[in-house]
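Beneath this line is the structure, given in structure tokens, with notes to follow.
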Amino acid sequence: MFAVLKTGGKQYRVQSGDVLRVEKIAADAGETVQFNDILMVGSTIGTPLVDGAGVQAQVIEQIKDKKVIHFVKRRRKHGSKRTKGHRQQLTLLRIGDILESGAGDSGVKAAIGAGIAGYTGVAADKGQYAKNRDEKSEMKKRVATGGAEEKSAETASAPASGDDLKKLSGVGPALEKKLLEAGVTSFAQIAAWTEADIAEWDEKLSFKGRIEREGWVDQAKQFEAEKE
């Protein structure tokens, strides 16, 4: 007998013994979970779900999908490139019993997605997944209320004895803050960078060639000359 279940916004046709990869489930390896959103069991079609039906599965392990690369290139005055990688969090399952009825009284833990509010993580990820999700949620609230913009202006402002590094091409409040936290506060420091220094700062702050590409050293020398 087969069933069609829904989880993580996707539908899966499964039979007992199948090994399945689904969007991350809030459960540790070895636990048994039960999917209760069943669209079809055998010849019974739900409207939209089949009442009392369920599919039980054992969690084999928490895994990640293959890395997906997102590359963006903008053709502007100075040009910019950005590369991002993402690995989707997944759960590997082995399908067990398929219940046509009585799933509500089975006592088996419901299969809940890891993105559900209130999820506190599993032992496999040491709570990092939930921590990252909560931080993203908090950032969205701050952006919506203007809090993120105010905080950026406050924390990224240059010290009284330093220069306004935002004058450099491609440097905004966030990037200026990153430089200030690393101890780079003036054009004089940047103007004195050698090729070895540029390579070191590129690696240290993950600029990916931005310093040379944007011409920060030449710009810094020019700004220093204008002070005199």
Side-chain angles (χ1 to χ4, degrees), residues 24 62-90 114-115 120-122 124-228:
K24 185 166 184 172
Q62 300 287 357
I63 60 175
K64 289 184 179 181
D65 204 355
K66 294 181 180 179
K67 180 176 283 189
V68 177
I69 301 297
H70 180 229
F71 176 75
V72 176
K73 181 174 182 179
R74 297 181 178 86
R75 297 183 180 276
R76 295 180 178 174
K77 182 177 180 181
H78 299 287
S80 67
K81 293 186 291 185
R82 182 179 64 189
T83 303
K84 288 185 177 180
H86 173 70
R87 295 186 68 187
Q88 182 64 44
Q89 304 257 5
L90 301 173
T120 57
V122 295
D125 59 27
K126 300 178 181 178
Q128 189 62 39
Y129 186 93
K131 179 176 180 292
N132 292 343
R133 184 205 59 208
D134 292 341
E135 287 177 351
K136 288 179 182 178
S137 177
E138 180 62 28
M139 177 57 73
K140 288 180 180 179
K141 291 179 183 177
R142 285 173 47 209
V143 170
T145 58
E149 183 177 354
E150 293 172 5
K151 184 173 181 180
S152 296
E154 178 183 348
T155 57
S157 57
S161 59
D163 295 318
D164 183 4
L165 301 182
K166 293 192 295 297
K167 290 183 178 180
L168 294 171
S169 176
V171 178
L175 201 53
E176 183 186 42
K177 178 184 176 183
K178 197 172 184 179
L179 288 166
L180 294 176
E181 289 176 346
V184 181
T185 61
S186 67
F187 295 133
Q189 289 174 273
I190 298 175
W193 284 351
T194 63
E195 289 186 4
D197 293 329
I198 292 173
E200 181 181 347
W201 283 106
D202 252 337
E203 183 177 355
K204 184 176 180 180
L205 299 181
S206 301
F207 283 156
K208 299 179 181 178
R210 178 188 290 268
I211 298 173
E212 188 173 0
R213 185 171 65 249
E214 301 286 359
W216 285 1
V217 174
D218 291 336
Q219 291 180 44
K221 290 178 180 178
Q222 181 180 344
F223 292 138
E224 276 296 296
E226 291 175 357
K227 291 181 183 179
E228 300 174 356

(message) Could you work out, with side chain to side chain contact (heavy atoms under 4.5 Å, CB included) as the rule, every residue matching Lys66, not counting sequence neighbours?
(response) none
(request) With sequence neighbours left out, write down each residue that passes side chain to side chain donor-acceptor pair (under 3.5 Å) with Glu212, or none if nothing qualifies. (result) none
(message) Less than 4.5 Å apart, side chain to side chain, heavy atoms only: is that true for Asp163 and Glu224?
(response) yes
(request) Would you name the heavy atoms of Ile190 and Leu168 that are closest together and state the gap between them? (result) CD1-CD1, 3.5 Å
(message) Test your reading of the model: is there a side-chain donor-acceptor pair from Gln219 to the backbone of Glu214, 3.5 Å cut-off?
(response) yes
(request) Mind checking the NE2-NZ spacing from His86 to Lys64? Nearest 0.5 Å is all I need. (result) 9.5 Å
(request) With the side chain counted from C-beta on, respond yes when Leu175 and Leu205 share a heavy-atom pair under 4.5 Å apart, and no when they do not. (result) no
(request) Give, for atom NZ of Lys221 and atom CD of Glu226, the distance between the pair rounded to the nearest 0.5 Å. (result) 15.0 Å
(request) Kindly say whether Lys166 contributes a backbone atom to a donor-acceptor pair with the side chain of Asp164 at under 3.5 angstrom? (result) yes
(request) Measure across Ala191 and Ala220 and return the closest heavy-atom pair with its distance rounded to 0.1 Å. (result) N-CB, 3.7 Å
(message) Looking at Gln189 and Gly183, would you say the former's side chain and the latter's main chain have a donor-acceptor pair under 3.5 Å?
(response) yes
(request) To the nearest 0.5 angstrom, please state how far the CZ atom of Arg82 sits from the CZ atom of Arg210. (result) 10.0 Å
(request) To the nearest 0.5 angstrom, please state how far the CD1 atom of Ile211 sits from the CD atom of Glu200. (result) 10.0 Å
(request) Check whether any side-chain heavy atom of Gln62 lies under 4.5 Å from a side-chain heavy atom of Gln89, and answer yes or no. (result) no
(request) Quick one: which residue pairs count as a ring pair (Phe, Tyr, Trp, His ring centres under 6.0 Å) with a foot in residues 163-200, not counting sequence neighbours? (result) Phe187-Phe223, Trp193-Trp201
(message) Check whether Asp202 reaches the backbone of Ala199 with its side chain - one donor and one acceptor, N or O, closer than 3.5 Å.
(response) no
(request) Calculate, to the nearest 0.5 Å, the distance between atoms CD1 and CD belonging to Ile198 and Glu203 respectively. (result) 14.0 Å
